[in-house]
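Heads up: numbering here begins at 1 and tracks the sequence.
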Amino acid sequence: MSLQLNDLSVLAYANNFTLWHFKTEDSSVTTPEYFNTASDMMSVNDLIIASVDIDSAPVTQFYIVTDITSGVVTVAAYA
């Protein structure tokens with residue numbers, strides 16, 4: 001499954017930083033290049049709050065955008 005842009009929303013934006021919320025039933029959120037469709041909207045160090053609901057077992061996880069190169073977005077779990 002791939003990123004559905006209508007499930008990605010801006011919660012806050014200030015000083016070239018965006019806090020995103022993303023809701024999905026897709027377990028592959030952390031796979032390489034998952035957020036590429038949004039590469040023109042995101043910046044390195046943006047924070048994504050992901051509400052992932054797989055088999056009625058919702059989990060909320062924070063991800064940070066660690067790199068964007070040539071439209072390829074890399075994220076990592078934020079501890």
Review item, side-chain donor-acceptor pairs of residues 7-16, under 3.5 Å, at least two apart:
none

Review point. Is it the case that more than 12 heavy atoms not belonging to Phe17 sit under 6.0 Å from its CZ atom?
Key: yes
Point to revise | Shared hydrophobic cluster for Leu19 and Tyr63 (ILVMFWY, side-chain gaps under 4.5 Å) | key: no
Check your understanding: Would you call the rings of Phe22 and Phe35 parallel, tilted or perpendicular, where under 30° means parallel and over 60° means perpendicular?
Key -> perpendicular
Check your understanding: Given Thr37 and Leu5, is the side chain to side chain contact (heavy atoms under 4.5 Å, CB included) satisfied, shown in steps?
Key -> CA-CA 8 Å; Thr37 309; Leu5 282 178; 3.6 Å; yes
Review point. Looking at side-chain heavy atoms only, is the closest gap between Thr24 and Tyr34 below 4.5 Å?
Key: yes
Check your understanding: Same cluster for Ile64 and Phe62 if Ile/Leu/Val/Met/Phe/Trp/Tyr side chains link at under 4.5 Å?
Key -> yes
Throw together a table of side-chain donor-acceptor distances under 3.5 angstrom for residues 42-53, partners on residues two or more places apart or in other chains.
{"residue": "Asp46", "atom": "OD1", "partner": "Thr18", "partner atom": "N", "Å": "3.1"}
{"residue": "Asp46", "atom": "OD2", "partner": "Trp20", "partner atom": "NE1", "Å": "3.1"}
{"residue": "Asp46", "atom": "OD2", "partner": "Ser43", "partner atom": "N", "Å": "2.9"}
{"residue": "Ser51", "atom": "OG", "partner": "His21", "partner atom": "NE2", "Å": "2.9"}
{"residue": "Asp53", "atom": "OD1", "partner": "Ser56", "partner atom": "N", "Å": "3.3"}
{"residue": "Asp53", "atom": "OD1", "partner": "Ala57", "partner atom": "N", "Å": "3.2"}

Study note, to complete from the structure: Heavy-atom closest pair (Val75 atom, Val29 atom, distance to 0.1 Å) is CG2-O, 4.3 Å
Check your understanding: So, the side chain of Ser39 versus the backbone of Val73: is there a donor-acceptor pair under 3.5 Å, distance only?
Key -> no
